[in-house]
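First the proteins, then the strands, lettered A, B, ... as listed; each starts at 1.
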Protein chains: 2
Amino acid sequence: MARVGLTPERLVRAGAELADEVGFDEVTVSALARRFDVKVASLYSHVRNSHDLRTRIALLALEELADRGAAALAGRAGKDALAAMANVYRDYAREHPGRATAARMRLDPETAAASAGVRHARMTRAILRGYDLEEPDQTHAVRLLGSFFHGYVSLELGGGFSHSLPDSEETWTRLLDALDALLRNWPAPSAP
Amino acid sequence: MARVGLTPERLVRAGAELADEVGFDEVTVSALARRFDVKVASLYSHVRNSHDLRTRIALLALEELADRGAAALAGRAGKDALAAMANVYRDYAREHPGRATAARMRLDPETAAASAGVRHARMTRAILRGYDLEEPDQTHAVRLLGSFFHGYVSLELGGGFSHSLPDSEETWTRLLDALDALLRNWPAPSAP
DNA sequence: CTGATTGCCTAATACCTTTAGGAAACTCCA
DNA sequence: TGGAGTTTCCTAAAGGTATTAGGCAATCAG
């Protein structure tokens with residue numbers, strides 16, 4: 001009955017790797033147990049249940065993403081910062097598709113509030129300091145960027161842009177140009 | 001052994017309703033069988049398997065969405081058309097959250113090519129005729145709008161905007177203003 | 001009315017999830 | 001160093017979902 005040395009951390013890390021290999025949807029307690037060559041029930045001492053496992057993988061991904069974002073943002077401002085952050089999201093999704101999917105998992109409000117998601121929001125606001133936006137426009141812009149990054153990465157990962165021209169690379173740089181331009185020339189509300 | 005009158009269409013329609021009630025992830029062959037008060041195996045004459053069922057629900061949602069879009073776009077142009085289409089997506093997601101999630105399901109390329117997804121792309125291009133965009137910028141813009149709608153609806157449905165001010169309604173109208181302004185003043189590529 | 005077809009059923013297999021309780025492997029202190 | 005206590009992993013078991021094979025009854029065509 002040799003002990004393998006399971007810990008929640010090791011399980012979550014292995015679960016994240018599994019997600020990148022076979023897709024987040026295929027991450028299952030059973031598959032994880034197989035990976036450690038251990039019986040399924042053994043995992044339940046370290047992880048509450050399947051949902052808990054998946055949530056923890058999501059939290060890990062959000063942390064990693066926030067760390068990369070913080071590093072990328074250091075010393076940058078304006079469009080430089082915008083592009084750096086955007087590329088962090090996109091590159092992470094390409095390197096770690098399973099984790100990236102996990103990061104988009106819906107979290108219940110308390111979990112979300114305690115997650116690295118709040119760092120993400122802070123970083124986005126930091127980027128927007130390079131543009132001239134008062135509240136509530138700054139919040140609108142945060143939501144715009146969040147929606148766009150989320151959506152673009154989802155669609156690209158799902159293959160939405162892969163079988164048509166121009167290639168996704170070009171669209172990406174041009175859309176960052178466009179968002180930068182929009183943030184610099186944020187429009188006043190239209191007449192109601 | 002009374003016959004219930006199952007057909008693929010009825011199953012898919014009931015599956016869509018089930019998705020709206022309990023979430024697309026909870027749509028399962030078993031749950032659907034329960035809903036018809038029929039044994040699980042009976043569904044397999046009408047639907048290939050679970051994945052097939054879910055795919056068909058996604059296709060139904062894409063159709064419905066395209067129909068609504070076509071109706072909303074009739075007789076509109078420019079920002080009017082943009083806002084109409086955008087609201088179709090958002091309203092549909094609020095009325096039919098399960099279907100809307102289904103519509104964002106990843107489809108394999110052949111299925112996607114045969115789906116109403118192509119109508120969506122055509123409609124988006126039709127909207128962009130109200131703006132002055134040449135290729136490849138038009139394609140970039142299609143992808144921008146697709147990403148934004150997809151992302152915003154996901155985040156809003158996931159409760160991302162619900163516990164903070166300003167409320168999502170205001171952000172939505174302001175972001176449509178912003179996208180309209182961006183499309184009218186599409187920037188030239190930045191210096192490489 | 002009868003023969004063919006179709007529709008739903010029983011039965012069986014194979015996963016995955018989760019809980020309860022047991023035994024071996026560590027830990028740590030006397 | 002030698003237990004006592006805790007921790008870690010295991011066996012066992014129950015319940016849910018997915019899927020296939022094969023059967024009988026309801027329906028339909030002629």
Could you tell me whether the side chain of B:N185 and the main chain of B:A181 form a donor-acceptor pair under 3.5 Å? yes

Given 3.5 Å as the limit, does a donor-acceptor pair link the side chain of A:N87 with the main chain of A:A83, or not? yes

Grab the [atom1]-[atom2] distance between [X] and [N] for me, whole Å please.
X	N	atom1	atom2	value
A:K39	D:dC9	NZ	P	14 Å
B:E26	C:dC16	CD	C1'	15 Å
B:L32	D:dA18	CG	P	10 Å
A:L53	C:dC16	CG	P	14 Å
A:D52	C:dT17	CG	P	13 Å
A:D37	D:dT8	CG	C1'	15 Å
A:H51	D:dG16	NE2	C1'	18 Å
B:L11	D:dA18	CG	P	14 Å

What's the closest nucleotide to the side chain of B:V29 if the choices are D:dA18, D:dC10, D:dT8? D:dA18

Can you tell which of C:dA25, D:dT11, C:dT6 lies closest to the side chain of A:R3? C:dA25

Does [X] pair with [Y] as a salt bridge, N-O distance under 4.0 Å?
X	Y	result
A:E156	B:R143	no
B:R119	B:D67	yes
B:R129	B:E134	no

Answer yes or no: does a side-chain N or O of A:S50 lie under 4.0 Å from OP1 or OP2 of C:dT17? yes

Looking at A:T28, does any N or O in its side chain come under 4.0 Å of the phosphate oxygens OP1/OP2 on C:dC15? no

What residues in residues 40-48 of chain B put a non-hydrogen atom under 4.0 Å from any atom of DNA chain D? B:V40, B:A41, B:Y44

What do you reckon, is CZ of A:R13 surrounded by more than 12 foreign heavy atoms closer than 6.0 Å? no

Anything under 30° is parallel, anything over 60° is perpendicular, the rest tilted; go ahead and classify A:F148 against A:W172. parallel

